[in-house]
Amino acid sequence: MGAYKRGDKSAIAADLDRMYGIFPRLADRRRQLAGSMSGGEQQMCAMARALMARPRLMMVDEMSLGLAPVVVDLLLETMTQIRGQGVTVLLVEQDVHAALSIADRGYVMETGEIVREGTARALEADPEVQRAYLGDVAAPAPAAGSG
């Protein structure tokens with residue numbers, strides 16, 4: 001489906017083989033309807049479909065939602081491969097650890113407003129980001145009676 005606007009049939013076949021190389025589970029399930037796949041397989045299918053269009057930018061929203069940690073790790077590794085192939089990735093993700101682990105830059109939003117931005121490493125090191133989003137238990141709690 002991702003290549004429906006393309007007319008280069010031999011290149012489409014090569015790209016499909018490349019998708020099966022990136023997402024081997026999809027090769028095993030090539031005859032299965034996407035709606036009957038597991039959540040992680042559906043995410044892989046959605047990414048492969050998007051990549052078949054040969055985008056310069058791929059936007060991914062809540063990639064980890066409802067997925068097992070091992071599947072999230074696999075998808076993060078895949079996102080790194082995709083970036084290595086020259087595709088810019090815009091990832092919207094509530095799992096801050098996951099997002100910052102593969103990001104160059106990050107933007108922290110609260111109620112639709114950007115409240116922090118910077119390199120992924122700078123955001124990981126930011127004490128306020130650690131306290132509010134990364135679950136840093138070493139950060140000081142508010143004093144009793146101050147709320």
- Item | Least distance between heavy atoms, Tyr133 atom then Met109 atom | OH-O, 4.5 Å
- Query: Closest approach of Val72 and Ser64, non-hydrogen atoms and distance?
  - Reply: CG2-CB, 3.6 Å
- Query: Could you state the interatomic distance from CZ (Arg29) to CD (Gln42), rounded to the nearest 0.5 Å?
  - Reply: 11.5 Å
- Mind checking whether Leu74 and Met58 sit in one hydrophobic cluster, side chains of I, L, V, M, F, W, Y counted as touching below 4.5 Å? yes
- Message: Just verifying a value: how many Å separate Met52 CE and Met19 CE, rounded to the nearest 0.5 Å?
- Response: 6.5 Å
- Query: For Glu113, does the CD atom have more than 12 heavy-atom neighbours from other residues, nucleotides or ligands under 6.0 Å away?
  - Reply: no
- Note on the structure: For Ala34 and Cys45, the nearest pair of non-hydrogen atoms, with its separation, is CB-SG, 4.0 Å
- Message: Nearest 0.5 angstrom please: Leu75 CG to Phe23 CZ, how far?
- Response: 7.0 Å
- Query: So, do Met79 and Met63 sit near enough that their side-chain heavy atoms are less than 4.5 Å apart?
  - Reply: yes
- CG/Leu123 to CZ/Arg121 distance, rounded to the nearest 0.5 angstrom? 9.5 Å
- Message: Measuring only between side-chain heavy atoms, which start at C-beta, is Leu26 closer than 4.5 Å to Met37?
- Response: yes
- In the single-linkage hydrophobic clustering (I, L, V, M, F, W, Y; side-chain heavy atoms under 4.5 Å), do Met47 and Val70 co-cluster? yes
- How about Arg6 and Asp15: do any of their side-chain heavy atoms sit closer than 4.5 Å? yes
- Are the side chain of Glu62 and the backbone of Gln94 linked by a donor-acceptor contact shorter than 3.5 Å? yes
- Query: Shortest non-hydrogen contact from Thr119 to Arg105?
  - Reply: N-NH1, 3.9 Å
- Message: Is there a side-chain contact between Gln85 and Ile22 in this structure, where contact means two heavy atoms from C-beta onward sitting under 4.5 Å apart?
- Response: yes
- Would you say Thr78 and Gln43 make side-chain contact, with heavy atoms under 4.5 Å? no
- Message: Determine whether a donor-acceptor pair (N or O, by modelled atom type, separation under 3.5 Å) exists between the side chain of Arg83 and the backbone of Ile102.
- Response: yes
- Query: Taking atom CG of Leu91 and atom CE of Met59, what is their separation to the nearest 0.5 Å?
  - Reply: 12.0 Å
- Report the C-alpha separation of Glu128 and Val115 in whole Å, then their side-chain angles, then the decisive distance to 0.1 Å, and conclude whether the side chain to side chain contact (heavy atoms under 4.5 Å, CB included) test is met. CA-CA 11 Å; Glu128 183 61 25; Val115 296; over 6 Å; no
- Task: Quick one: pull up NE2 in His97 and CG in Leu76 and give me the separation to the nearest 0.5 Å.
- Result: 12.5 Å
- Message: Strictly distance-based, threshold 3.5 Å: is any side-chain N or O of Glu117 a donor or acceptor partner for the main-chain N or O of Gly106?
- Response: no
- Task: Determine, using the 4.5 Å side-chain heavy-atom cutoff (strictly less than), whether Val60 and Leu65 are members of one ILVMFWY cluster.
- Result: no
- What residues, two or more places apart in sequence or in another chain, satisfy side chain to side chain donor-acceptor pair (under 3.5 Å) together with Gln32? Ser36
